[in-house]
Visitor: 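Next up is a structure, given as structure tokens.
Residue numbers count from 1 along this sequence.
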Amino acid sequence: MDGIREGIEARSVGATRPAFDLITISNTDSCSDCNNCIRHCPSRAIRSVHGLHEIVPERCVACGACVAECRNPSFSVRNDLPIVRKLLASPRGVVAILASEYVAALYPLTHLEIERRLEDVGFAAVETTTLGEELVAEAYERVHSEQFGGPPRLRSSCPVVVSWIERFYPQFIRSLVPVIPPYIAQARLVREVSPDVAIVYVSPCWARKDEVHAEEFGGTVDVAIGFDELAVLLAEAPLSVSPEGPARYIRRPQPVKQLSLIDGFPRTTLVDSDPTDSGMVTARGLADIDRVLRAIELGEIAPHVVDLLNCEGCVDGPTVAPGISVFAKRNIIAAERERQPPPIVDNRTFLSALPPVELRRSFLARPVHTRTPSAAEIDETLALGEFATRADALDCGACGFDTCVELAAAICLGDVTWDRCYPLQRKRLQRAHAELTEVALLDPLTGLGNRRAFDARLAEEVSRAARYGTALSLLMIDLDGFKQINDTKGHTAGDAMLVRVGELLGEVLRGSDIATRYGGDEFAIILPDTSKTEAWLAAEKVRVAVGQSRVELGDGRILAVTCSVGLASQGEANATMTALLEAADSALYRAKRRGRNRVELAAG
């Protein structure tokens, strides 16, 4: 195993990238701005500014969480079926290598039906990754059997986990055991036997679709597709009846797993480990992996072997029947395993007879370099989020960040905006609603209540007065000769006079009185708990104040105006809102008809 151990030395790894990115975002009307993609992205690889989302390539680990969490077709994974179709149409033989979770992924198709359908589509042969997993398990066995005396051995053939460590924990690069993924081992076995064939790997995850193009794998696999893409390909081809008859589809002997568990993890490592000992640690999912790596970094744990996978095993990969629970998928695989005929020869013996293949790989530290905002920048940004101090931060986590300080730091870097803070947006929405409600009830020129506000308040006051037997009076006011001001002095002068009258009403009335601009040059004043006599005094005070007011125009001219007032009080004759309003309006009409600049009382 010395050769594998030498592979720990990191080297620069290039990649032959496909024509299009693996995951793309469509910033169209299909996006509902739910921000699920942003909240669930473990690497903060989605930048969202001014309603536009984009993937930050240097942070993306291709876990596909954004695709899985998107409720609309805003995210899409690159479709590599055109490459597969081109290979199948070529004169080269094409071999399909299926990840060992294929039975669950293509359920309810059986092994024989899957093999038949693949051959009908045009594949020359069908393999699974079982032998590759067994080879990889043997390689890990040799590493794990070595005497432990250094950093923990991180075991992962998951491309998402490898990218996570390369980007966010490059200090652990030398701890990654440099063994190739099982499907690469399987593909190299196939090429040892048939070097000229094309190989299509069918993967449980999307990250493999880019991984196969890494320079270190030397074009071992021509293209990788997901089981979701394979299902589309199989659906395109109708079932055919082979002229060779059913004998062609008699189940051929298949290798079974004896040495490996999940994705090449050696069975012996698990069997030999003590469950009460912390020598072996298993972590599933990037959040759990992050906690384990931080604990190792802080010296809180010191395991010998750490098994790291992004999913609950590859059977939980995003392309493996996402509509079926992981438990049901495991049951499907277990049932298929029971149907397999017993192996004729022990796998260790069988593997020893296979041609040798290179199992070593290397890793590249690709740390994400991000500027760290200063404390002053963060505090200033928190202030923009309406947090006076850090102690006021909510840390609710709804934005996807653990703390408001982390969110503020991301805002400083231009990755997100305060739109991500739902408590802040709720506060702003409530404030906007209150402002809109206020605007809807205010006259924009005078700042008094408008007709809508008047109708609502008069209805309330009439009901209250009737319920409790209290007094209520209403004044209707009209400016005398106001049309002449507009016609001779202009509407700007008229507006200035209306503003002044509005100010006067606020000055001479009580705080409990309700002054409104009824419309045009008419004003209405609701006087709660006010008798007819008291209302008369209030009306006279208004009439005198308006008559004594003056408005100076910019050219030195001075405007003056008088007003007519109609007064009505609630009583038997004016018991309803309509009756009270009509009575006050009639009194106003009499005041204008009898010479203006006077107060008239309504009967009742």
Visitor: Judged by modelled atom types alone, do D478 and Y589 share a side-chain donor-acceptor pair under 3.5 Å?
Guide: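 Y589 and D478 do not have a side-chain donor-acceptor pair below 3.5 Å.
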
Visitor: Run the side-chain donor-acceptor check on residues 484-492: report pairs under 3.5 Å with partners two or more places apart or on a different chain.
Guide:
unit_1: D487; atom_1: OD2; unit_2: K483; atom_2: NZ; d: 2.8
unit_1: T488; atom_1: OG1; unit_2: Q484; atom_2: O; d: 2.6

Visitor: Taking 4.0 angstrom as the limit, do D307 and R284 come out as a salt bridge?
Guide: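 Yes, D307 and R284 are salt-bridged.
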
Visitor: Do T530 and R510 get their side chains close enough for a donor-acceptor pair, meaning under 3.5 Å?
Guide: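 Yes.
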
Visitor: Can you list every pair that meets ring-ring contact (aromatic ring centres under 6.0 Å, His included) and has a residue in residues 499-555, with sequence neighbours left out?
Guide: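 Output for this query lists F454-Y518.
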
Visitor: Side-chain atoms of residues 575-588: list all donor-acceptor pairs with protein atoms under 3.5 Å, sequence neighbours left out, distances to 0.1 Å.
Guide:
unit_1: T576; atom_1: OG1; unit_2: A579; atom_2: N; d: 3.1
unit_1: S586; atom_1: OG; unit_2: E582; atom_2: O; d: 2.9

Visitor: Is E297 salt-bridged to R294, cutoff N-O under 4.0 Å?
Guide: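 No, E297 and R294 are not salt-bridged.
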
Visitor: Is the backbone N or O of L448 less than 3.5 Å from a side-chain atom of R517, with the two atoms forming a donor-acceptor pair by type?
Guide: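 No; zero donor-acceptor contacts below 3.5 Å.
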
Visitor: Holding to ring-ring contact (aromatic ring centres under 6.0 Å, His included), I want the full list of residues that pass it with F482, two or more places apart in sequence or in another chain.
Guide: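 Partners of F482 under the ring-ring contact (aromatic ring centres under 6.0 Å, His included) test: none.
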
Visitor: Sequence neighbours left out, what pairs pass side chain to side chain donor-acceptor pair (under 3.5 Å) with at least one residue falling in residues 538-548?
Guide: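 The answer is E540-R543, R543-N597.
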
Visitor: Heavy-atom distance under 4.5 Å between the side chains of C311 and C205, does that happen here?
Guide: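 No, too far: nothing below the 4.5 Å cut-off.
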
Visitor: So L413 and P373, do their side chains get closer than 4.5 Å, heavy atoms only?
Guide: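 Of all side-chain heavy-atom pairs linking L413 with P373, at least one is under 4.5 Å.
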
Visitor: Charged N to carboxylate O below 4.0 Å: is that the case for D80 and K209?
Guide: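 Looking at K209 together with D80, the answer is yes, because their closest N to O distance falls below 4.0 Å.
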
Visitor: What side-chain donor-acceptor pairs closer than 3.5 Å can you find for residues 397-410, not counting sequence neighbours?
Guide:
unit_1: T403; atom_1: OG1; unit_2: E406; atom_2: N; d: 3.1

Visitor: Between the side chain of E534 and the main-chain N/O of S531, is any donor-acceptor distance below 3.5 Å?
Guide: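 Side chain of E534 to backbone of S531: a pair is present.
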
